[in-house]
Amino acid sequence: VYASNPPLTHGNSLAGLVEIKTAQRVEKSQTQIAASLANVGVLRTQRIKDSCFVQVYGNMQFSKPYLYLNDTQEMLQSFSSQDVGLNVHAHAGASDLNYYAYFINEGFEGKEYYFNRQAESEAEKQRLFSIFNWHYRWKQFRLEMNMGHHWSKGGLRLAHQKESLKEVQYQGNIKLKYFASDYLYVQAGISEDFMRMECASSEPEYLWDQRENATRIRQDSSLHYHLPETFVYLRYRKNNWIAGLGLRKHLGREESPWAYQANIRYLSDRFGSL
């Protein structure tokens, strides 16, 4: 987790970015099963070769046993989710390939207090995202290609208010790293980021008017952006010192200035990092 601004190799992101790495190696094939009052899940890891494997998992969440024992049906009526994931990793010679995909479908039904009375509340959301990584090593060079896709659709209803949101996002980058020595490496590349959001809402003209035949107003909006960029990043580490310098520029506009970032860090054996 990057508590402050992450390196400029991560485009269109600020503090709070979470970087996740999937498993690069598994020791053996195995099956794991998990169960509770509200969930059943299965994970299967299949080792193909020393450095090639496939992981498949799925979970189903249900609410009836949990709600029965906790006696919360008055405000929370039901919740559910179904998700499935796939992770494929392969290694051949100087190349590494990894593909990860995940889908989840969630639902909720309950009641909330709205203008001093109980009102029905429903929510649902479906989400799919996938990530593809390919790395190739040659002498002191490392070539990387990364692509990502994200799609989601959700809806919310509270009393006579309704909202829906659709979102799609594509990301990709190609970067070349050069390891000049054990202490210094430089990388450069180009990236592409596209996102589109479509929002729709329907609600009474006057929020306090909750009659079935109340006059309603509808609002629709669509937002999108397209962000091609190029970047350069240099990192030096020796003993307890780490220093970095990054540059990034939007390719779509000639007048767009360079964004720059510099950092220095000292790892203290006594006080941690400074």
Side-chain angles (χ1 to χ4, degrees), residues 10-18 20 38-39 58-64 66-67 72-86 100-132 146-173 191-229 250 252-253 256:
H10 300 283
N12 194 28
S13 57
L14 297 174
L17 176 71
V18 179
I20 301 174
N39 181 78
N59 296 279
M60 178 174 290
Q61 186 184 70
F62 39 83
S63 60
K64 286 187 178 180
Y66 179 86
L67 295 178
T72 58
Q73 294 92 330
E74 181 180 354
M75 300 300 292
L76 177 58
Q77 296 175 336
S78 70
F79 59 87
S80 65
S81 71
Q82 305 83 38
D83 67 336
V84 60
L86 169 69
Y100 178 75
Y102 177 78
F103 173 79
I104 184 170
N105 177 36
E106 300 174 289
F108 163 85
E109 292 183 7
K111 294 182 180 180
E112 296 183 32
Y113 281 98
Y114 189 70
F115 286 103
N116 295 323
R117 71 182 184 90
Q118 283 190 356
E120 299 289 335
S121 175
E122 296 180 1
E124 62 177 7
K125 186 172 184 179
Q126 297 83 43
R127 184 185 183 195
L128 168 68
F129 69 86
S130 60
I131 302 170
F132 173 82
N146 307 286
M147 294 184 293
H149 164 259
H150 169 256
W151 170 90
S152 67
K153 180 179 71 172
L156 171 67
R157 182 180 71 86
L158 174 59
H160 298 300
Q161 292 182 261
K162 297 181 180 179
E163 297 180 3
S164 65
L165 174 64
K166 295 180 181 180
E167 183 178 345
V168 62
Q169 185 174 12
Y170 299 94
Q171 292 180 320
N173 64 61
S191 66
E192 169 71 29
D193 191 352
F194 171 83
M195 186 177 73
R196 183 178 68 246
M197 298 176 60
E198 297 179 357
C199 309
S201 65
S202 175
E203 60 187 29
E205 184 177 10
Y206 305 102
L207 291 180
W208 46 263
D209 189 356
Q210 294 295 313
R211 297 173 301 167
E212 290 287 346
N213 59 347
T215 303
R216 308 181 67 81
I217 56 175
R218 181 179 176 87
Q219 296 182 351
D220 298 301
S221 61
S222 179
L223 304 173
H224 72 276
Y225 69 78
H226 171 59
L227 192 63
E229 293 182 314
H250 185 5
R253 300 175 182 174
S256 176

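Please read all numbers here as calculations on a predicted model, not as lab measurements.
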Undergrad: Minimum heavy-atom separation for S63 and S78, please, with both atom names.
TA: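 Residues S63 and S78, closest heavy atoms: OG-CA, 3.5 Å.
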Undergrad: What residues, two or more places apart in sequence or in another chain, satisfy side-chain hydrogen bond (donor to acceptor under 3.5 Å, both in side chains) together with Y170?
TA: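 Here no residue qualifies.
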Undergrad: Determine the minimum heavy-atom distance between A123 and L156, stating which atoms define it.
TA: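 Looks like CB-CD1, 4.0 Å.
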Undergrad: Under the side-chain hydrogen bond (donor to acceptor under 3.5 Å, both in side chains) test, which residues partner R196, sequence neighbours left out?
TA: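 Checked R196 against side-chain hydrogen bond (donor to acceptor under 3.5 Å, both in side chains); zero matches.
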Undergrad: Take E106 and Q61 through the test side-chain contact (heavy atoms from CB on, under 4.5 Å) and record every step on the way to the result.
TA: CA-CA 9 Å; E106 300 174 289; Q61 186 184 70; over 6 Å; no
Undergrad: Applying side-chain contact (heavy atoms from CB on, under 4.5 Å) to F79 and L67, what does each step give before you reach the verdict?
TA: CA-CA 10 Å; F79 59 87; L67 295 178; 4.1 Å; yes
Undergrad: F194 and Y225: which non-hydrogen atoms are nearest, and at how many Å?
TA: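 Minimum heavy-atom contact is CD1-O, 3.2 Å.
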Undergrad: Could you state the interatomic distance from OG (S164) to NZ (K153), rounded to the nearest 0.5 Å?
TA: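 Reported to 0.5 Å precision, the distance equals 9.5 Å.
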Undergrad: Using the side-chain hydrogen bond (donor to acceptor under 3.5 Å, both in side chains) criterion, which residues pair with Q82? Sequence neighbours excluded.
TA: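 Residues passing side-chain hydrogen bond (donor to acceptor under 3.5 Å, both in side chains) with Q82: N105.
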Undergrad: Would you compute the distance between atom OG of S80 and atom NZ of K64 and round it to the nearest 0.5 angstrom?
TA: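 Answer rounded to 0.5 Å: 11.0 Å.
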Undergrad: Could you walk me through whether Q171 and S191 pass side-chain contact (heavy atoms from CB on, under 4.5 Å), step by step?
TA: CA-CA 8 Å; Q171 292 180 320; S191 66; over 6 Å; no
Undergrad: Just jot down the side-chain hydrogen bond (donor to acceptor under 3.5 Å, both in side chains) partners of H150, sequence neighbours excluded, or say none.
TA: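 By the side-chain hydrogen bond (donor to acceptor under 3.5 Å, both in side chains) rule, H150 matches R127.
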Undergrad: Once rounded to the nearest 0.5 Å, what's the spacing between atom CE of M195 and atom CG of L227?
TA: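 Spacing of CE (M195) from CG (L227) equals 10.5 Å.
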Undergrad: For L165 and C199, which heavy atoms make the closest approach, and how far apart are they?
TA: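 Minimum heavy-atom separation between L165 and C199: CD1-SG, 3.3 Å.
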Undergrad: Does the side chain of S202 reach to within under 4.5 Å of the side chain of H160, using non-hydrogen atoms?
TA: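 Not in contact.
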Undergrad: Are the side chains of S121 and F108 in contact, using a 4.5 Å heavy-atom criterion?
TA: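 Yes; the side chains approach each other to less than 4.5 Å.
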Undergrad: Output the distance between atom CG (L76) and atom CD (E112), rounded to the nearest 0.5 Å.
TA: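 Interatomic distance, L76 CG to E112 CD, rounded to 0.5 Å: 10.5 Å.
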Undergrad: Can you check whether H149 reaches F132 side chain to side chain, under 4.5 Å on heavy atoms?
TA: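 SC-SC contact between H149 and F132 ruled out.
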Undergrad: Who passes salt bridge (Lys or Arg N to Asp or Glu O under 4.0 Å) against E122, sequence neighbours left out?
TA: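 Once residues adjacent in sequence are excluded, the partners of E122 under the salt bridge (Lys or Arg N to Asp or Glu O under 4.0 Å) criterion are R157.
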Undergrad: Can you see which heavy atom on P228 is nearest to which on H250, and at what distance?
TA: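 Closest approach of P228 to H250, heavy atoms only: O-ND1, 3.0 Å.
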Undergrad: Restricting to side-chain contact (heavy atoms from CB on, under 4.5 Å), what partner residues turn up for K111, sequence neighbours left out?
TA: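 With sequence neighbours excluded, K111 shows a side-chain contact (heavy atoms from CB on, under 4.5 Å) to M75, Q77, Q118, E120, given in chain and number order.
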Undergrad: Atom OG in S201, atom CD in E163: separation rounded to 0.5 Å?
TA: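 Here the interatomic distance stands at 6.0 Å.
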Undergrad: What distance separates Y102 OH from L86 CG, expressed to the nearest 0.5 Å?
TA: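 So the gap between those two atoms works out to 13.5 Å.
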Undergrad: Does the pair D193 and Q169 meet the rule for a side-chain contact (heavy atoms from CB on, under 4.5 Å), with working shown?
TA: CA-CA 7 Å; D193 191 352; Q169 185 174 12; 3.3 Å; yes
